[in-house]
Amino acid sequence: MNQFACIAGIDFSADAAEVARRLIGVTLLVDGVGGRIVEAEAYDSSEPAAHSYGGRTERNFSMFGPPGRSYVYRSHGLHWCLNFAVREPDHGAGVLIRALEPTHGLEQMRARRGLQDERLLCAGPGRLAQALGVTRAHNNLALDAAPFTLLPATEAVAVVAGPRIGISKAVELPWRFGLAGSPFLSRPFR
DNA sequence: CTTAGGATCGCCT
DNA sequence: GGCGATCCTAAGC
């Protein structure tokens with residue numbers, strides 16, 4: 001295992017699905033604001049739902065960089081979404097961070113989201129990025145340095161898996177992972 | 001509770 | 001010109 005790709009006890013050079021599963025329970029902060037990851041999805045250049053499926057472009061180049069860096073893209077013209085690049089350079093794999101259980105900087109997240117309800121602050125990739133202040137400026141940055149902080153899970157977690165959300169291709173792959181029973185998911189598992 | 005439509009940018013055919 | 005790894009609101013049942 002490449003120890004330089006190891007962050008918060010996770011080997012980012014592993015398969016996207018394995019990294020996504022192991023990220024559940026890890027704390028993610030951006031400038032000290034964030035919480036515990038409760039939902040993540042894996043994407044890989046070998047399957048057509050991934051942005052990297054068609055090869056490197058201006059938009060997705062950070063998916064093809066070294067593991068342990070961020071990939072931020074704009075969705076539907078108005079939302080930002082945060083991913084972690086995994087595997088090795090030129091492969092094109094990543095993990096979409098879909099939901100957090102808010103733990104740090106609640107008031108700042110409420111202000112950015114214009115909402116009080118804790119359950120809706122980070123329940124979805126666009127909401128999460130807005131609450132943490134993630135924009136294009138956060139693309140292609142190392143995850144083990146400021147403004148990012150990743151902290152290992154402090155206890156064992158029960159992880160469930162299911163089909164990914166909001167895609168039309170490769171819908172059969174069970175590459176969505178979540179913390180069992182969490183009220184902070186973007187949508188429940190069934 | 002479920003569904004439908006609009007907002008709005010950048011990549012792709 | 002079409003369509004997305006989305007979110008919010010409004011209306012219908």
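First the proteins, then the strands, lettered A, B, ... as listed; each starts at 1. Given the structure is predicted, the values throughout are model-derived calculations rather than measurements.
Without hydrogens or angle criteria, A:Ser70 side chain to A:Leu141 main chain gives a donor-acceptor distance under 3.5 Å. Under the 3.5 Å distance criterion, the side-chain polar atoms of A:Asn60 are matched with a main-chain donor or acceptor of A:His51.
Protein chain A contacts DNA chain C from C:dG4 to C:dC8, reading 5' to 3' and using non-hydrogen atoms of the protein with a distance under 4.0 Å.
Counting heavy atoms from C-beta outward, A:Trp80 and A:Arg74 have side chains that approach closer than 4.5 Å.
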Practice task
Kindly express the pairing pattern of DNA chain B in dot-bracket notation, using | wherever a base pairs with another strand and counting only Watson-Crick or G-U pairs under 3.5 Å.
Solution key: |||||||.||||.
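Aromatic ring orientation, A:Phe84 versus A:Phe12: tilted (interplanar angle from 30° to 60°).
Using a 3.5 Å distance cut-off with no hydrogens or angles, the side chains of A:Arg113 and A:Gln130 do pair a donor with an acceptor. Residues A:Glu39 and A:Ser186 bring a donor and an acceptor atom of their side chains to less than 3.5 Å of each other.
Between A:Leu78 and A:Arg136, the residue anchored nearer the 5' end of DNA chain B, judged by the nucleotide with its closest heavy atom, is A:Leu78. When each of A:Met63 and A:Leu115 is assigned the nucleotide of DNA chain C bearing its nearest heavy atom, the one mapping closer to the 5' terminus is A:Met63.
Straight-line distance between the P atoms of C:dC13 and B:dG5: roughly 14 Å, to the nearest whole Å.
Nucleic acid contact class of A:Ile167 (heavy atoms, under 4.0 Å, all strands): sugar-phosphate only. At a threshold of 4.0 angstrom between heavy atoms, the contacts of A:Arg113 are confined to the sugar-phosphate backbone, with no base atom among them. Using a 4.0 Å heavy-atom distance criterion, A:Arg59 is classed as a sugar-phosphate-only contact.
Between the CZ atom of A:Arg56 and the C1' atom of B:dC11 there is a distance of 17 Å, given to the nearest Å. Computed from coordinates, the A:His76 NE2 to B:dT8 C1' distance equals 10 Å when rounded to whole Å. Atom CD in A:Gln130 sits roughly 14 Å away from atom C1' in B:dA7 (whole-Å rounding).
Through side-chain heavy atoms spaced under 4.5 Å, either directly or across other Ile, Leu, Val, Met, Phe, Trp or Tyr residues, A:Tyr43 is tied to A:Met63, A:Phe64, A:Tyr71, A:Tyr73, A:Leu96, A:Ile167, A:Val171.
Just one of A:Leu185, A:Val159, A:Ile97 meets the side-chain contact (heavy atoms from CB on, under 4.5 Å) condition when paired with A:Val38; it is A:Leu185.
Remark: A:Glu18 does not engage A:Arg21 in a salt bridge, criterion side-chain N to carboxylate O under 4.0 Å.
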